[in-house]
J.: 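Can you keep this structure in mind? I'll have questions shortly.
Keep in mind that the numbers below use all heavy atoms, side chains included, and drop hydrogens, waters and symmetry copies.
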Amino acid sequence: KDLILMMKIKVKKYKGGKMLLIVCFLFAISAFGQQVDMPMTERPPVIDGVISENEWDGAYKIESNFMQIRPDFGSPMQDKTIVYSFYDAENYYVLFEVKQDTLTFTEVKGTRDNAYAQDAVGFVVDPLGNKKELYMIIVGLSGNIGDFRKLRSNLDGSEDITWDGNIDASVMKTSDGYNVEMKIPFCTFRMGNSEDLVWNINFYRRIHSKGIQATYVGIEELSNDAEFEAMFPVVMKGIKTKGKIEITPYGIFGATVDST
């Protein structure tokens with residue numbers, strides 16, 4: 001905070017455009033480095049894609065032109081994205097209010113994980129807060145959900161697309177874009193048993209017709225583990241974690257042979 005205040009004073013003394021650009025850059029780095037205390041809600045939203053009055057009051061809000069990964073690496077998007085998020089004792093909630101010309105929409109209906117070849121929003125989360133394991137959850141314009149898990153130790157950058165989270169999501173098209181509401185139980189992720197959580201998180205957006213992929217916290221370089229560093233920390237307290245049991249179906253086959 002002291003750094004931000006000092007640079008603002010310098011701007012008043014030196015009004016050169018070049019200096020102003022440097023100040024804005026440092027301000028952005030400072031903001032992303034700060035830990036966010038995520039608000040807790042006692043009135044969970046209805047996951048229907050409709051932004052009802054007062055439904056997201058008190059949520060942590062981001063209004064940003066996300067930074068492009070492709071095609072124009074490091075440049076801000078022209079279309080704005082607004083993100084609201086908060087949590088209760090058992091779930092994390094997020095709303096994307098997406099601004100986009102409806103004539104540029106790309107929508108593909110299909111099965112689960114068929115959310116990548118269309119317009120989509122989502123987030124990357126490191127629920128252990130150690131930048132060793134992350135989960136990606138995206139929701140396409142059609143409502144299809146795509147998700148995967150990734151370990152930093154996988155040097156080839158491979159992703160476990162067999163992982164399926166317990167995700168409730170809904171999409172609603174609007175006159176100037178679309179809304180996506182999500183609800184994700186904390187027990188969906190592998191994380192510690194503490195009631196106080198520190199996540200690392202980043203938000204994602206895709207415009208398929210323009211080949212645009214972008215994130216809230218910009219990625220510094222293209223590499224297999226770049227997304228592990230392009231996140232910011234959030235704190236959530238009073239979490240009730242539940243045990244997660246995974247059941248894999250199997251069968252036992254046998255035969256009786258008459259040897260007589």
J.: Distance-only, no hydrogens or angles: does the D119 side chain make a donor-acceptor pair with backbone N or O of H208 under 3.5 Å?
T.: yes
J.: Look only at the side chain of N200 and the backbone of D126, and say whether a donor-acceptor pair between them is shorter than 3.5 Å.
T.: no
J.: May I ask you to decide if S142's main-chain N or O and Q118's side chain share a donor-acceptor pair within less than 3.5 Å?
T.: yes
J.: Under a 3.5 Å threshold, yes or no: a donor from one side chain and an acceptor from the other, between N144 and Y116?
T.: no
J.: Do any N or O atoms from the side chain of S209 and from the backbone of T104 form a donor-acceptor pair under 3.5 angstrom?
T.: yes
J.: How about Y135 and W199: are their ring centroids closer than 6.0 Å?
T.: no
J.: Going only through I, L, V, M, F, W and Y residues with side-chain contacts under 4.5 Å, is there a path from L95 to I47?
T.: yes
J.: Would you check if the side chain of Q100 reaches a backbone N or O of G177 as a donor-acceptor pair within less than 3.5 Å?
T.: no
J.: Might you point out which heavy atoms bring P127 and R190 nearest each other, and give the distance in Å?
T.: CG-O, 3.6 Å
J.: Ignoring hydrogens, what is the shortest heavy-atom contact between I184 and M182? Give both atom names and the distance.
T.: CD1-CB, 3.8 Å
J.: Check ring pair (Phe, Tyr, Trp, His ring centres under 6.0 Å) between F105 and all other residues, then give those that pass, not counting sequence neighbours.
T.: Y178
J.: Who are the salt bridge (Lys or Arg N to Asp or Glu O under 4.0 Å) partners of D225, not counting sequence neighbours?
T.: R152
J.: Shared ILVMFWY cluster between V98 and I212, side chains joined below 4.5 angstrom?
T.: yes
J.: Hey, are the side chains of D160 and F148 touching, using non-hydrogen atoms and a 4.5 Å cut-off?
T.: no
J.: F123 and ring pair (Phe, Tyr, Trp, His ring centres under 6.0 Å): which single residue from Y92, Y93, F66, F232 fits?
T.: Y92
J.: Of the non-hydrogen atoms in T41 and D88, which two are nearest, and what is the gap between them?
T.: O-CB, 3.7 Å
J.: Under the criterion side-chain contact (heavy atoms from CB on, under 4.5 Å), I'd like the reasoning laid out for F189 against W163: C-alpha separation, chi angles, the key distance, then a yes or no.
T.: CA-CA 10 Å; F189 306 115; W163 178 81; 4.0 Å; yes
J.: Please tabulate, for the side chains in residues 77-87, all donor-acceptor contacts under 3.5 angstrom to protein atoms that are two or more places apart in sequence or on a different chain.
T.:
from	atom 1	to	atom 2	distance (Å)
T81	OG1	R205	NH1	2.9
Y87	OH	K237	N	2.8
Y87	OH	K237	O	3.0

J.: Between K99 and E97, does any side-chain N to carboxylate O distance fall below 4.0 Å?
T.: yes
